[in-house]
Novice: 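First, the structure itself, so that you have it in front of you.
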There are 2 protein chains.
Amino acid sequence: MSSARSTDDRTAAARIRDAAIVSFGQAGFDKTTVREIAAAAGVSPGLILHHFGSKAGLRAACDEHVIAEFARSRNEAVDSGTTDPFAAMAGIEREAPMMRYLLQSLREGSEAAATLFDGLVEESARLMEHSVEEGQLRPSDNIHDMAVILVAWQFGGLLLQEHVARAFGAEPLTAAPAPRHIRAVLEILTHGVFADSRYEDAWNNLESSGEPPPHGETTAPGRGTGSGAGGSAARKRTSEAKER
Amino acid sequence: MSSARSTDDRTAAARIRDAAIVSFGQAGFDKTTVREIAAAAGVSPGLILHHFGSKAGLRAACDEHVIAEFARSRNEAVDSGTTDPFAAMAGIEREAPMMRYLLQSLREGSEAAATLFDGLVEESARLMEHSVEEGQLRPSDNIHDMAVILVAWQFGGLLLQEHVARAFGAEPLTAAPAPRHIRAVLEILTHGVFADSRYEDAWNNLESSGEPPPHGETTAPGRGTGSGAGGSAARKRTSEAKER
DNA sequence: TAGGATACTGAACATGAGTTCAGCGCGTTC
DNA sequence: GAACGCGCTGAACTCATGTTCAGTATCCTA
């Protein structure tokens with residue numbers, strides 16, 4: 001009957017690791033106890049330490065496994081010629097606890113998360129460049145930086161899933177975003193939010209005029225990330241020195 | 001700074017609460033110990049329990065205070081006629097630990113975070129509508145939904161600050177985003193990322209044809225949140241050299 | 001088949017953290 | 001002036017949790 005468990009019955013170490021990925025992904029590293037993982041994997045707490053040395057060692061193993069798994073799935077996507085990276089990731093996201101693990105890692109700031117984040121940025125940038133050539137995306141000389149932002153927004157939105165879902169009156173657990181959600185995202189990514197390019201122009205003027213990047217006061221339109229509203233852009237001068 | 005103690009020395013309870021906001025904001029609720037807070041506030045651990053009943057009670061008090069404080073600062077912004085919500089928030093964000101507290105709450109999913117998130121969405125939507133009337137934002141019949149997304153992205157990006165900063169080669173601790181960051185955000189919010197409205201149109205057709213929202217496969221362009229697309233490099237010169 | 005290593009268990013240990021509690025100083029009230 | 005209440009202390013308690021360890025079963029090798 002090993003056929004049911006496709007990869008045959010995993011070794012105890014693998015069961016522990018998989019159970020840990022699930023638990024860490026659900027409750028986070030700190031709130032998950034070794035005993036819980038042991039119970040979920042059907043082994044004794046001692047065995048975990050026997051195999052992984054410590055709880056931290058277990059996490060390291062999970063990190064490594066998840067990173068490898070993501071890399072594998074990415075390669076598969078590339079091989080199969082999928083153009084959309086998130087279509088590829090959707091498969092993972094939907095059923096696998098690994099996405100939850102990734103999100104928790106992102107939340108907790110583990111090192112694995114940094115690796116994955118950087119990998120996703122790089123890959124997204126590459127795919128975006130490809131899409132520009134295909135005429136799907138608008139050209140820009142900032143593709144890489146935009147990829148950073150878009151990946152951050154993507155995962156940031158996922159981190160706040162609960163709140164976003166609540167706002168859209170959807171179940172927080174659903175993997176698929178609510179139609180209203182999709183619609184709003186599409187609208188923003190298709191048209192932007194500003195009525196014209198005044199803010200962008202103002203910023204470009206600021207930069208090209210050799211002005212050193214304003215610190216602390218840039219917030220007006222630049223920070224617009226969030227609400228976009230944006231006030232009077234460039235006319236904010238500042239005396240840097242004020243500091244503290 | 002001595003003279004600054006305008007409100008005279010706060011009561012021990014207030015000192016505890018303020019110290020807790022700082023500590024919770026830096027390390028998170030779980031990783032902060034009652035003893036640490038006590039030390040920071042210059043009181044004994046026992047006093048914290050005396051005043052707040054429990055560590056959870058202390059958090060509740062912090063939540064309440066932060067929520068009230070945010071509401072106050074919002075009202076002030078409204079009274080002073082500030083058009084840009086994030087300009088108003090920048091004041092808080094820059095110097096106050098409350099933003100850090102908020103972000104940690106968002107990370108940990110506390111109830112206060114939900115309240116604040118919803119409040120910010122509502123306020124952003126209102127301000128965005130106002131900005132549309134002023135001609136700064138492009139009109140839309142989805143303003144509220146877009147506000148949800150933008151607030152989520154804003155805070156999501158803040159949650160991933162560390163990774164974003166790393167990608168831009170900036171210090172993770174800096175409050176002000178890197179120039180490259182601002183530039184990329186402005187570009188996206190000004191022009192969007194798609195070359196044309198094909199994805200939006202496709203989605204609208206899907207919806208108007210009465211199709212139930214596709215599940216799990218919507219990902220292609222819809223999910224575009226993240227990388228959706230790609231661009232051409234065009235990389236080149238520009239401010240890069242200057243930066244650093 | 002013997003012997004040893006490896007997988008594994010479960011009780012015990014150590015520590016850290018939240019919480020309890022008896023008591024102290026001090027201002028206020030009767 | 002004594003009694004009371006309140007803010008406050010700090011040692012002690014309890015419990016959860018990561019970790020250790022002595023011991024047992026199981027499998028591989030000579």
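Sequence lines set the chain letters: A, B, ... in the order given, protein chains first and strands last, and positions in each chain run from 1.
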Novice: Answer yes or no on whether K55(A) is positioned over the face of F29(A), meaning its NZ or CZ is under 6.0 Å from the six-membered ring centre and within 45° of the axis.
Specialist: yes
Novice: When the distance from CZ of F52(A) to C1' of dT19(D) is rounded to whole Å, what number comes out?
Specialist: 16 Å
Novice: Could you state the atom-to-atom distance from CD1 of I16(A) to P of dT19(D) in whole Å?
Specialist: 14 Å
Novice: Can you tell me how far CZ of R72(A) sits from NE2 of H65(A), rounded to the nearest 0.5 angstrom?
Specialist: 8.0 Å
Novice: What is the distance, to the nearest angstrom, from the CG atom on L47(B) to the P atom on dC24(C)?
Specialist: 18 Å
Novice: Got E69(B) and E64(B) here, is their nearest side-chain heavy-atom distance under 4.5 Å?
Specialist: no
Novice: State which of dT9(C), dT19(D), dG7(D) makes the closest approach to the side chain of H51(B).
Specialist: dG7(D)
Novice: Whole angstroms only, please: what is the CD1-P distance between I48(B) and dG10(D)?
Specialist: 13 Å
Novice: Between H50(A) (NE2) and dG10(C) (P), how many Å, whole number?
Specialist: 15 Å
Novice: Report the distance from atom CZ of R10(A) to atom C1' of dA7(C), rounded to the nearest whole Å.
Specialist: 18 Å
Novice: How long is the line joining NZ of K55(A) and P of dG18(D), in whole Å?
Specialist: 4 Å
Novice: Nearest of dT17(D), dT19(D), dC8(D) to any side-chain atom of L49(A)?
Specialist: dT19(D)
Novice: Base, sugar-phosphate alone, or nothing: which one does A12(A) contact when heavy atoms must sit under 4.0 Å apart?
Specialist: sugar-phosphate
Novice: Figure out the NZ/C1' separation between K31(A) and dA17(C), and round it to whole Å.
Specialist: 15 Å
Novice: When you match V43(A) and R35(A) each to their closest nucleotide on DNA chain C, which lands nearer the 5' end?
Specialist: V43(A)
Novice: Contact between S105(A) and L116(A) at the side-chain level, heavy atoms closer than 4.5 Å - yes or no?
Specialist: no
